[in-house]
Amino acid sequence: MRTITALFLLAGITPVLSQQAGMQNAWDIHKTLAAVALLADRLAPVVDQIHPENWNGAPEGYVAQAKTCRNELRALATESRKLDQNPEKLTDALQLLFRIRATETVLASFSEGLRKYANPPLADMLNAVIAENAGNKDRLQQYLLELAIAREQEFRVADQEAQRCRQTLSRQPSHERQPGAPQEKN
């Protein structure tokens, strides 16, 4: 019974911990996630129109890099929308942050090739989009940090309650007889 009470107590504490001072509420991150998805959706068709196989003197690696950029942008939009469905899922938030960083890296490298072998203004536009997304990445990173702190605190409370319950149970006297065994008569 005490374990059930502890679980209800923990369930009641979870929203309170998520709304600590300075902690973004889960619904506050929806705007950031939508912006990340929109940016990826906006950039994907632009990257689709860039064909490094037609660049004069460009290494073949840029063809593979273009494909990687396309895949990363589509995955970024998909994962952002997935996290938007359940923004308190820590693993999905981490995965999205890692995806943003990977996408930034590959786009920055690709834009350098674009600058050198084809279209410097388009390369500048790609770099501007990367810079535009920096605020979203920073907000997501801060949210992720706050979410991790909240989860650690929730775990700490649950662990303390479990320890308290174990101590209470260990102090109860043990019964000499087995359950269901006939009782001795005096």
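Worth saying up front: this structure is predicted, and the values here are computed from it rather than measured.
- Asp48 meets the salt bridge (Lys or Arg N to Asp or Glu O under 4.0 Å) test with Arg70, Arg74; sequence neighbours excluded.
- In this structure, Leu144 CG and Glu146 CD are separated by 9.5 Å, a value rounded to the nearest 0.5 Å.
- Judged as a ring-ring contact (aromatic ring centres under 6.0 Å, His included), the pairs with a partner in residues 76-116 (not counting sequence neighbours) are, in order, Trp55-Phe110.
- Here Leu147 contributes atom CG and Lys89 contributes atom NZ; the two are 12.5 Å apart, rounded to the nearest 0.5 Å.
- When side chains are defined from C-beta on, Pro121 counts as touching Asn119, because their heavy atoms get closer than 4.5 Å.
- With Leu169 as reference, Gln172 is the one residue of Arg171, Arg166, Gln172 to meet the side chain to side chain contact (heavy atoms under 4.5 Å, CB included) rule.
- Hydrophobic clustering, with ILVMFWY side chains joined whenever heavy atoms are under 4.5 angstrom apart, groups Leu76 together with Leu140.
- The CD atom of Glu112 sits 6.0 Å away from atom CG of Asn127, with the distance rounded to the nearest 0.5 Å.
- Residues Leu73 and Leu96 are members of separate hydrophobic clusters, defined by side-chain heavy-atom contacts under 4.5 angstrom among Ile, Leu, Val, Met, Phe, Trp and Tyr.
- Look at Asp41 and Arg81 and you find a salt bridge, because one of the NZ, NE, NH1 or NH2 atoms lies within 4.0 Å of a carboxylate O, short of that distance.
- Membership of an apolar cluster is not assigned to Val106, as no side-chain contact below 4.5 Å to another ILVMFWY residue is traced.
- Listed by chain and residue number, Gln65 satisfy the side chain to side chain donor-acceptor pair (under 3.5 Å) test with Ser109 (two or more places apart in sequence, or in another chain).
- Between atom CG of residue Asp159 and atom CZ of residue Arg156 there is a gap of 9.5 Å, rounded to the nearest 0.5 Å.
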Side chain to side chain contact (heavy atoms under 4.5 Å, CB included), that's the test. Do Asp84 and Ile29 meet it? Break it down for me.
CA-CA 8 Å; Asp84 195 36; Ile29 201 69; 5.8 Å; no
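- Atoms CG and SG, on Leu107 and Cys69 in that order, are 4.5 Å from each other to the nearest 0.5 Å.
- Looking at Arg115 and Leu122, their side chains never come closer than 4.5 Å, going by heavy atoms from C-beta outward.
- The cluster map of Ile, Leu, Val, Met, Phe, Trp and Tyr, joined by side-chain heavy atoms under 4.5 Å apart, puts Ile130 and Val36 in different clusters.
- Side-chain atoms of Gln163 and Gln167 form no donor-acceptor pair, as typed in the model, at a separation below 3.5 Å.
- When all heavy atoms are compared, the tightest approach of Pro59 to Tyr117 is CD-OH, 3.6 Å.
- In this model, a donor atom of one side chain and an acceptor atom of the other lie less than 3.5 Å apart for Asn133 and Asn136.
- Ser80 places no side-chain N or O within 3.5 Å of a backbone atom of Ala77 that could act as its donor or acceptor partner.
- For the pair Glu88/Arg151, a side-chain contact is recorded, criterion being any heavy-atom separation below 4.5 Å from C-beta on.
- Every pair passing side chain to side chain donor-acceptor pair (under 3.5 Å) that includes a residue from residues 92-106 is listed here, sequence neighbours excluded: Glu72-Arg99, Glu72-Thr103, Glu79-Gln95, Glu79-Arg99, Arg101-Gln141, Glu104-Lys137.
- Every residue meeting the salt bridge (Lys or Arg N to Asp or Glu O under 4.0 Å) condition with Glu132, not counting sequence neighbours, appears here in chain and number order: Arg42.
- A single hydrophobic cluster is not seen to contain both Val129 and Leu38; linkage of ILVMFWY side chains at heavy-atom distances under 4.5 Å, directly or through other members, places them apart.
- Using modelled atom types, one side-chain atom of Tyr143 and one backbone atom of Pro87 make a donor-acceptor pair closer than 3.5 Å.
- Interatomic distance, Lys116 NZ to Leu114 CG, rounded to the nearest 0.5 Å: 13.0 Å.
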